[in-house]
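A short write-up of the structure that comes next.
Not measured: the values here are computed from a predicted model. Protein chains get the first letters and strands the later ones, always in sequence-line order, with residue 1 at the start of each.
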Protein chains: 2
Amino acid sequence: MPTPKPQHRVRGSASGRPIMVLLDLLGRRMTLRILWELRDQRLTFRALQEAAETNPSVLNVRLKELREAHLVALADDGYGLTAHGKDLLQTFLPLNAWADGWARLWDGKRR
Amino acid sequence: MPTPKPQHRVRGSASGRPIMVLLDLLGRRMTLRILWELRDQRLTFRALQEAAETNPSVLNVRLKELREAHLVALADDGYGLTAHGKDLLQTFLPLNAWADGWARLWDGKRR
DNA sequence: TCGGCATGCTATCATTTCCGTAGCAAAGGG
DNA sequence: CCCTTTGCTACGGAAATGATAGCATGCCGA
């Protein structure tokens, strides 16, 4: 379960193209969720575990990957996004509003 | 392996908040990749399978989920993004450029 | 009308990943 | 000392994924 790095073969892509590497990384379970939970706060390992509703084993693996990817870093006051991580998160912030609109697709169909 | 729907409990989130549902859906393997491959073209099942470098079993499961999520639809000329899917993809298009910049983090470290 | 071919897709099984729980080592107070 | 919190690891069962083979349908040319 190697951490995907640009220029290296990753699951689902022999090319190592950065976008493919990134899609592999973000497509692993809890990765997007972890980034999301850290979008506006720093959290300890355990606080992050609760926030993301996951367990320490998966969380630890994801955190290792995200740290190797320079998206997350651990400081005295807990885990938080790096400058790169914050930059990436900017891309995802509109997702929240988008998801709300998307959810309305089901509102009319449930009774 | 139920398709996540807003207002319903999903893996990693009891709340059913749309953003959590979306993060669960997008966090499943190959989901982001499939959306990415369809960003500017329609593909047959087999063409999509090759493009995304995956296998029919996983592809079929993901396509079912994406169709139920109204993000992908099948027409005579193959699979393609729905209006909602295209809208969502707009959010991710900047990722390509971002990933190229991100990859440079490793350029200086490889020798 | 009979191959051939491409289509979407399913079945099967081995492998990988994930999940849930218990617990450890270190650091800091009281 | 002991209690708490920290980050994190070990383990076993469950679930998801991956790879391959193959089916049913429809189309097209001979």
Side-chain angles (χ1 to χ4, degrees), chain A residues 1-4 8-15 20-21 23-35 37-38 41-69 71-82, chain B residues 1-4 8-14 20-21 23-38 41-69 71-82:
Chain A
M1 177 198 260
T3 300
H8 291 265
R9 167 186 297 266
V10 293
R11 299 181 310 176
S13 174
S15 68
M20 297 305 171
V21 175
L23 292 181
D24 178 25
L25 180 62
L26 297 181
R28 300 181 179 191
R29 202 156 303 164
M30 291 326 269
T31 303
L32 284 170
R33 176 68 177 269
I34 289 169
L35 294 175
E37 295 299 338
L38 294 177
Q41 59 186 339
R42 304 189 66 89
L43 293 172
T44 66
F45 187 95
R46 289 175 187 234
L48 184 53
Q49 179 184 331
E50 289 182 35
E53 299 174 70
T54 185
N55 54 47
S57 38
V58 172
L59 179 61
N60 190 40
V61 172
R62 289 296 99 86
L63 284 175
K64 277 182 184 169
E65 295 167 0
L66 288 170
R67 284 197 276 183
E68 289 184 38
L71 297 177
V72 164
L74 174 61
D76 286 342
D77 55 344
Y79 283 96
L81 298 179
T82 64
Chain B
M1 176 200 262
T3 301
H8 292 264
R9 166 186 299 266
V10 293
R11 298 181 310 177
S13 175
M20 297 306 172
V21 175
L23 292 180
D24 177 27
L25 181 62
L26 297 181
R28 299 181 180 193
R29 203 156 303 165
M30 283 309 184
T31 303
L32 284 170
R33 176 68 177 269
I34 289 169
L35 293 175
W36 182 258
E37 296 299 338
L38 294 177
Q41 59 185 341
R42 304 188 67 88
L43 293 171
T44 66
F45 187 94
R46 288 174 188 233
L48 184 54
Q49 179 184 331
E50 289 182 35
E53 300 175 68
T54 185
N55 54 50
S57 41
V58 172
L59 179 59
N60 190 39
V61 172
R62 288 295 101 86
L63 284 175
K64 277 182 184 170
E65 295 167 358
L66 288 170
R67 284 197 277 181
E68 290 184 38
L71 297 178
V72 164
L74 174 61
D76 286 344
D77 55 343
Y79 283 96
L81 298 179
T82 64

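Between Arg42(B) and Ala75(B), the shortest heavy-atom contact is NH2-CB, 3.3 Å. Leu23(B) and Arg33(A) make their closest contact through CD1-CA, 4.1 Å (heavy atoms, listed as atom of the first residue, atom of the second, distance).
Within the 4.0 Å cut-off from OP1 or OP2 of dT17(D), not a single side-chain nitrogen or oxygen of Arg28(B) is found. For the pair Arg29(A) and dT17(D), the criterion of a side-chain N or O lying under 4.0 Å from OP1 or OP2 is met. Using a 4.0 Å cut-off, some side-chain N or O of Arg62(B) falls inside it from OP1 or OP2 of dT17(D). Contact check, Arg67(B) against dC9(C): a side-chain N or O comes under 4.0 Å of OP1 or OP2. Between Lys64(B) and dT10(C) there is a side-chain polar atom (N or O) within less than 4.0 angstrom of OP1 or OP2. Close to dT10(C), at under 4.0 Å from its OP1 or OP2, lies a side-chain N or O of Asn60(B).
Protein atom CD of Gln49(B) is 12 Å distant from nucleotide atom C1' of dA21(D), rounded to whole Å. Spacing between atom CG of Leu59(A) and atom P of dT9(D) amounts to 11 Å, rounded to whole angstrom units. Here dT10(C) presents its P atom at 11 Å from CG of Leu63(B), a figure rounded to the nearest Å. Distance Asp76(B) CG to dA6(C) P: 19 Å, rounded to the nearest Å.
Checked options Glu68(B), Met20(B), Arg28(B); the residue passing with Pro4(B) is Arg28(B) (criterion: side chain to side chain contact (heavy atoms under 4.5 Å, CB included)). When the options Val61(A), Thr31(A), Thr3(A) are evaluated for a side chain to side chain contact (heavy atoms under 4.5 Å, CB included) with Leu66(A), the one that passes is Thr31(A).
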Just the dot-bracket of DNA chain D, please: which string comes out with Watson-Crick or G-U pairs under 3.5 Å, [ ] for crossing, | for another strand? ||||||||||||||||||||||||||||||
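When distances run from any side-chain atom of Arg46(A) to the nucleotides dG8(C), dG23(C), dT20(D), the shortest one goes to dG23(C).
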